[in-house]
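Only one structure is covered here, and it is reproduced in the block below.
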Amino acid sequence: MTKRLLQGNQAIALAAVKAGLNFFAGYPITPASEILHELVNQETIKVLQMEDEIASINAILGASLAGAKSMTATSGPGFSLMQESIGHAHMMEVPLVIVNVQRVGPSTGMPTFPAQGDILQCKYGSHGDYFPIVFYPNSVAELYEFTFNAFNAAEESLSPVILLSDGYVGHLYETIEEVDYPISERTLAPLGTSNRHFTGLTHEDSMPVTSDPEVHRKLIKHLEAKQKKVSRKYNNYEYIENKSSDILLITYGALSRAAYDLKEDFAIYRPVRMFPIVEKIKEIAKKYKEIVVMEMNAGQYANEVERLLHREVKLISIMGGKIDLNEIWTKLRRIKKGK
Amino acid sequence: MTKELTYLKYLKQDRLPHQWCPGCGNGIVLKLACLAMEKLNFPKKGTVMVSGIGCSGRSAGFFDLDSVHTAHGRALPVAEGIKLANEELNVMVISGDGDLFGIGGNHLLHASRRNTDITVICISNAIYGMTGGQCSPTTEISSKTLTTPRGNVDTPVNVQALITGHNCFYARSTTFHFNHAMKCIFEALQHKGFSFVEIKSQCITNDGRRRGFKNSYEMLMSYKENYKINNNTNALEHNEIGIIK
């Protein structure tokens, strides 16, 4: 085990190589480009710089079906372009890893500033029903670890797994230990070995069936059950109990690092597996009178948590890419005083 | 004695007959692809068929090979990913003009530039057939379609210039010129690098009938009258079919 000073994006690239990455396709975008830069120097990996993000995700989709562990990395605008093919990969059950280093949106937004505005897009971005596994680490060491988890979960669930990051954590340098985490091997037989048909149409036994509702219901149920089963292996969250507080502060990603300074005053819960939501939150939430979600968007995860807990959730929204402890503290104090 | 149709081994025969309209050219192209593969003795294991979306996009599912039915316009990057991940595989794409030149046009530009070793067969019927007969990127000027009721005013995409401009293999044929089309695919499959075969094909249901054709036979006859074979040129005229290596 060696210690190394690594940037967040670099850690993703190096961990991906160790996790068995064979094929990477991507398109330059701030603040995710360093992943591409790091991988082009790796001799064992086939790296393609494509014409856009749509081509990138489709190239890794083809490569993955052909037997290569595949990944792409992007930020919000590119992630939006990939949405159709993410749904397609869920339908065809192709293992992929998609890294989204978030920046301020919508649209071109503030390219060099971090945000957490793509949380719901991860879950609902493509059309139709699908059940993605999404991880969002908050440190360089965790990015390294969860790159392994993302690859493993993708292979186990035969689905595209999303690894979220943001402009802060992605560009942060920290010293980490390069741990060799266990690797899940490929189970899907590569193309060219059989006569299977991979299609985005509703299908049964790999043949299109487009006019039987029962077949569709069965297929979607199968996708949901599979994702639930695999995600149980990755119940990742961080909980800092605080018996003297009746407020539970839920926060994640870059922003959660600022929240650690508030652990004397609040209980803190940090989801790492963002979706499917870790059910443990239901149990933990019962111990607190007030639930506050603090995030760098207009309340995306807060709504999801509220829906899950069936109770009111307060929101602290940090917008525009600036994490200011004074602003956070002022807003929290207002909630504490019941205003 | 009847000749055994050995090329059928490349098709999932339990899925036949196919679901395309009577008179459609897609079945002809399916047969052409099978014959070319048989002539080259392509192993079924080791060959992958990729298609996009549209009537022609359903082609891949009929082959008794591992096949991928991609999202609309994305057949090329998927095929490139497959080929680059495993260069031992023979990778073929069958898709339509709307898929390859319209929604997927940018990928065609770059796949040919990268010269990835894949063979693309484009069933070019100058119409969006599956969605009801809208104008496509290859619809001729003044041609009437569902979305150009007064005639198309836009120049059809110059595929030949795009492909040959990147020094890739380009061939054009029609569903009428069966043996010529077969030769085009046969040579394309042997070409090392990006190869593109554009096969002009008829859609009677959603194109021909709007343009005054009584049946698909008449459309085939129009290919016979309008296209002359020229295999010794660097640039085909609009009424010529041939191979440019």
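Letters go in sequence order (proteins before strands), and every chain restarts at 1. Note that the structure is predicted; figures quoted are calculated from it, not measured.
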Identify which one of B/His110, B/Arg114, B/Arg113 satisfies the side chain to side chain donor-acceptor pair (under 3.5 Å) criterion when paired with A/Glu51. B/Arg114
Stepwise side chain to side chain contact (heavy atoms under 4.5 Å, CB included) check, A/Lys46 with B/Glu87: CA-CA 12 Å; A/Lys46 201 153 261 177; B/Glu87 296 188 11; 3.0 Å; yes
Residue part contacting chain A, namely of [X], when any heavy atom lies under 4.5 Å:
| X | value |
| --- | --- |
| B/Gln19 | neither |
| B/Arg58 | side chain |
| B/Val68 | both |

For the candidates B/Glu88, B/Lys44, B/Arg74, which exhibits the highest count of non-hydrogen atom pairs separated by less than 4.5 Å from chain A?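 Option with the greatest count: B/Arg74.
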If you count heavy-atom pairs within less than 4.5 Å of chain A, which of B/Asp64, B/Leu65, B/Val48 leads?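 Winner by heavy-atom pair count: B/Leu65.
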Can you give me the closest heavy-atom contact between B/Leu89 and A/Leu191, atom names plus distance? CD2-O, 3.8 Å
Residue part contacting chain B, namely of [X], when any heavy atom lies under 4.5 Å:
| X | value |
| --- | --- |
| A/Met91 | neither |
| A/Ala55 | both |
| A/Leu48 | side chain |

B/Val78 backbone acceptor or donor facing A/Asn58 side chain under 3.5 Å: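 No; zero donor-acceptor contacts below 3.5 Å.
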Given side chains that start at C-beta, do those of A/Asn195 and B/Lys12 come closer than 4.5 Å, heavy atoms only? yes
